[in-house]
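Read the structure below first, then the notes.
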2 protein chains.
Amino acid sequence: MRSVHVDLGDRSYPIYIGEGLLQEASSYFIKHGVSTKSPLMIVTDSKVAPHYLEALSANLAQGGFTVAAAAVPSGESSKSLAMLEELVTKALEAGLDRKSAIVALGGGVVGDLAGFAAASYMRGIKFIQIPTTILAHDSSVGGKVAVNHPLAKNIIGAFHQPEFVLYDLSTLKTLPPREVSSGLAEVVKHGLIWDAEFTAWCEENANRLLELDADALGYALFKGCGVKANVVSQDERESGLRAILNLGHTIGHALEAVAGYNELQHGEAISIGMIGSAKLGVRYGAPVEVYETTKRALQSCGLPVAVPAHMDTDAIMAALMHDKKFSEGTAVFVVPTSIGSVEIKPDVPLAWVREIVEELKREA
Amino acid sequence: MRSVHVDLGDRSYPIYIGEGLLQEASSYFIKHGVSTKSPLMIVTDSKVAPHYLEALSANLAQGGFTVAAAAVPSGESSKSLAMLEELVTKALEAGLDRKSAIVALGGGVVGDLAGFAAASYMRGIKFIQIPTTILAHDSSVGGKVAVNHPLAKNIIGAFHQPEFVLYDLSTLKTLPPREVSSGLAEVVKHGLIWDAEFTAWCEENANRLLELDADALGYALFKGCGVKANVVSQDERESGLRAILNLGHTIGHALEAVAGYNELQHGEAISIGMIGSAKLGVRYGAPVEVYETTKRALQSCGLPVAVPAHMDTDAIMAALMHDKKFSEGTAVFVVPTSIGSVEIKPDVPLAWVREIVEELKREA
């Protein structure tokens, strides 16, 4: 078992990474002082529930906890205020009080939704994350939780740190291959922004990762969570450094907004976004190897590196303008300067971005 | 001009209380470092907008600010997730970014709704309060913001402190008499929990307050905000002391839930709740004068001190059980021990509460 400490003063918490942790969940809950006197609510989704909900509920019940559960439809559309309202209905019916905890069992969607429910129910109760995807290694560090608005992703949310994160590698075995790749996008990103050695390791070990080798996965998640924890502990509320985590996300979010989640998964969209950023980096003077290494690392993990040709450039640019990473009318981008290091460019000409989107469409 | 300092470390802020402050709003915005480069959004309601929205917008525009405005329907029903979504739509359309501020111009409903919008939009932007009711003196201190759920009041929210509060006494002149009385309920409460001298002052000066005498009102709001600031600065997130501010609110919220907002305004409901708590206090051994003084102070301000006879006791008790101030199945009440001092009773028998509700119905 590995663990990563996320250092945030009195909001610090550990991430436990290992096989079979779900079978011991209640001991972690007790260790972290979760009250058995107040009911818990597990939030999961329709895909994860059949695999792991019963086992988790049973283990928690054995540990003396009263457990309610809510399974939302799988997919990004569950990150809505309407679903938040439904969860609050269930929480009230189950009698959740200020000492209760909400437990996210699932991927990033479940984590974001359940986390915002925990952040806002009674103005904030305890939150515990049990990620069941690789992608969720990213969202489980740093406390960013949110739901979507029809006009923009993640626009309604909070910073709400979990009590702890329980990362059971066994739950990753039921992931479909496309989601494995999508999850690795954020793993690769953590190498690209912080750690050249880890980037090389990802490329070398891509096949082991794609085959869900527990040793390789455990190490990759430990490293990925570690990079993110490092960044977040220096800038919890994204006033500066934390913005480097947005590498690939500006174009990525725009692509997601235009394509819809079914055509592009989050990791796929940010993979393309990172290629776009690498191209921007080269324009700003980074060696072309930075772009080439980025592309190789992503491709080795089975990730797309071009914008689908049928997508409308105007629509992508319009979605980009709505992105919340624009401040005072200025277009902000994270661009690589070398592998393992990025820079924030506050003033990227939108004409460049458009040219790069067009290039990325031609490469499809 | 008086001012109250709310001492909350790096979330500290001032409350400015005086006549004509709306006419100088932009100077306060500039003094507090609100950026003129990012658009502001004023949230107000259909009753307040015709009186003050134009003047405020014009003054801010003169000060160099870009101002959008949203007027929601007046009344408690605007404190909903649906209305939050509408506000976020407007905020996105107006281009609000991370350096923008949301400004609440209105009473408690507008403050709670706009405050939660500011707390959750992009995971939190600046919030400025311009209260136009007496009741809002209470909600403008301490950063509690929230919307309602069909099953429970204020159940979805956050702690989000404003940058500053601008309390223009001139705006109180358009308040209907019933709202003046309702607002005074929280003023009287702040005396009852903290300051016997101020309680006596309220009773003596009730007529001046009801006539909206600016000197008397300014003093009452200064004292009321001061008591609340004192309590909140010792316990921002209601882990202990802050709970004393709930005097009258346990029964009060239940009455509101059963009666509907049109029959009982918030201040009226908590006035009755405070009488209920005073009766509880006497059962726990407080001198009967505590009950009598409480009753006199509230009645002198034109507030009701009995439960409307037609209200169903079972329904009131059921609503009470949903109240979020119950933790781990225990019924918690704030009860006075003397004038200016209260105690938290964690274990009040519900049978007592029911008897007192019945008594209060017979006194109607």
Side-chain angles (χ1 to χ4, degrees), chain A residues 35-39 66 80-93 95-100 115-117 119-125 142-152 154-160 236-239 243 321-330 332, chain B residues 35-39 66 80-93 95-100 115-117 119-125 142-152 154-160 236-239 243 321-330 332:
Chain A
S35 167
T36 55
K37 291 186 190 160
S38 296
T66 307
S80 67
L81 286 177
M83 198 57 78
L84 173 70
E85 185 153 294
E86 279 189 38
L87 289 185
V88 172
T89 305
K90 293 213 176 187
L92 285 166
E93 285 169 356
L96 266 69
D97 61 40
R98 290 181 172 178
K99 292 180 182 162
S100 290
F116 189 51
S120 56
Y121 184 72
M122 295 186 172
R123 299 195 183 86
I125 62 171
K144 274 191 177 184
V145 295
V147 297
N148 299 330
H149 179 279
L151 296 177
N154 293 328
I155 204 78
I156 303 169
F159 289 90
H160 193 61
E236 184 178 2
R237 292 187 73 93
E238 194 162 345
S239 38
M321 297 302 296
H322 252 145
D323 192 284
K324 63 185 175 301
K325 276 169 282 300
F326 292 87
S327 181
E328 298 181 357
T330 315
V332 184
Chain B
S35 168
T36 54
K37 291 186 190 160
S38 297
T66 307
S80 67
L81 286 176
M83 198 56 78
L84 173 70
E85 186 153 294
E86 279 190 38
L87 289 185
V88 171
T89 304
K90 294 213 174 185
L92 285 166
E93 286 170 354
L96 265 69
D97 61 39
R98 289 181 172 179
K99 292 180 182 163
S100 291
F116 188 51
S120 55
Y121 183 73
M122 295 186 172
R123 299 194 183 86
I125 63 171
K144 275 191 176 183
V145 296
V147 297
N148 300 329
H149 178 280
L151 295 178
N154 293 327
I155 204 79
I156 304 170
F159 289 89
H160 193 61
E236 185 178 2
R237 291 187 73 92
E238 195 163 344
S239 38
M321 297 302 296
H322 252 146
D323 191 283
K324 63 183 175 303
K325 276 169 281 303
F326 291 85
S327 179
E328 298 181 357
T330 315
V332 184

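In what follows, every chain begins at residue 1, and chains take the letters A, B, ... in the order their sequences are listed.
- Electrostatic pairing of A:R123 and B:E238 does not count as a salt bridge here, judged by no charged N lying under 4.0 Å from a carboxylate O.
- To the nearest 0.5 angstrom, B:L81 atom CG is 8.0 Å from A:S120 atom OG.
- For B:T89, the parts sitting under 4.5 Å from any heavy atom of chain A are the backbone and the side chain alike.
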Q: For the pair B:I155 and A:Y121, evaluate side chain to side chain contact (heavy atoms under 4.5 Å, CB included) and give the outcome as yes or no after the intermediate values.
A: CA-CA 6 Å; B:I155 204 79; A:Y121 184 72; 4.0 Å; yes
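- Neither the backbone nor the side chain of B:A117 comes within contact range of chain A; no heavy atom of the residue lies under 4.5 Å from a heavy atom of that chain.
- Looking only at heavy-atom pairs under 4.5 Å with chain B, the residue among A:I156, A:L151, A:L96, A:V147 that has the most is A:I156.
- Distance check: A:L87 CG to B:H149 NE2 gives 9.5 Å after rounding to the nearest 0.5 Å.
- Residue A:A82 does not touch chain B at all, counting heavy-atom pairs closer than 4.5 Å.
- Looking at B:P150, the atoms closer than 4.5 Å to chain A (heavy atoms on both sides) all sit in the side chain, from C-beta outward.
- Legend: residues meeting side-chain hydrogen bond (donor to acceptor under 3.5 Å, both in side chains) with A:T66, ordered by chain and number and at least two apart, are absent.
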